[in-house]
Amino acid sequence: MRILPPKIWRNKDTHYSLVASVCEKCGHVNFPARTVCSNCGSFRVTTKRLSGKGVLVSYTVSHQVRTGHEKESPVYYGLIRLDEGVELVAPLVDVDEEPREGQRVEATIRRLRVDSSNGLIEYGTKFRLVSDGQN
Ligand SMILES: [Zn+2]
């Protein structure tokens with residue numbers, strides 16, 4: 001799959017630093033950041049960098065991977081609720097034992113894919129499980 005650097009640059013706030021918008025009128029947090037609140041329609045929003053810390057709500061496991069990525073199987077995907085209330089789906093990394101729902105997670109930057117035509121590497125946010133007492 002071809003990697004387009006301009007597209008990565010445009011999405012850098014979402015992919016690398018989890019920037020959301022917070023409505024000044026109703027307090028709703030929108031992720032990715034928006035110029036209009038999705039809850040009340042207000043244009044009075046400010047941007048906020050999310051902590052990247054949250055809870056694993058649920059997860060699923062995929063044993064199907066693309067050719068050349070067999071070492072990465074199985075791949076875990078988590079439904080994550082960040083401490084700011086935002087929910088998102090993201091890959092889980094460094095999964096050594098079966099994840100537990102309710103387990104703490106934190107964002108980390110990892111390699112997503114490599115463009116086979118030119119060697120460009122795309123990085124993005126994944127989440128790792130945090131052992132009790134580390135978060
Ligand atoms: Zn609002």
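Each ligand, and each atom within it, is numbered from 1 in the order the structure gives.
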Audit row: Arg111, Glu122, salt bridge (Lys or Arg N to Asp or Glu O under 4.0 Å) steps and yes/no: CA-CA 6 Å; Arg111 185 174 69 182; Glu122 180 179 5; over 6 Å; no
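Atom CG of Leu82 is separated from atom CG of Leu88 by 5.0 Å, given to the nearest 0.5 angstrom. Separation of atoms NE2 (His28) and SG (Cys37) is listed at 5.5 Å; rounding is to 0.5 Å. Rounded to the nearest 0.5 angstrom, Glu98 CD and Tyr76 OH are separated by 4.5 Å.
Between the side chains of Glu84 and Ser51, at least one donor-acceptor pair of N or O atoms lies under 3.5 Å.
A search for side-chain contact (heavy atoms from CB on, under 4.5 Å) contacts involving Pro6 returns Leu4, Arg10, not counting sequence neighbours.
Protein N/O/S atoms found under 2.8 Å from the Zn ion (ligand 1), listed by chain and residue number: Cys23 SG, Cys26 SG, Cys37 SG, Cys40 SG.
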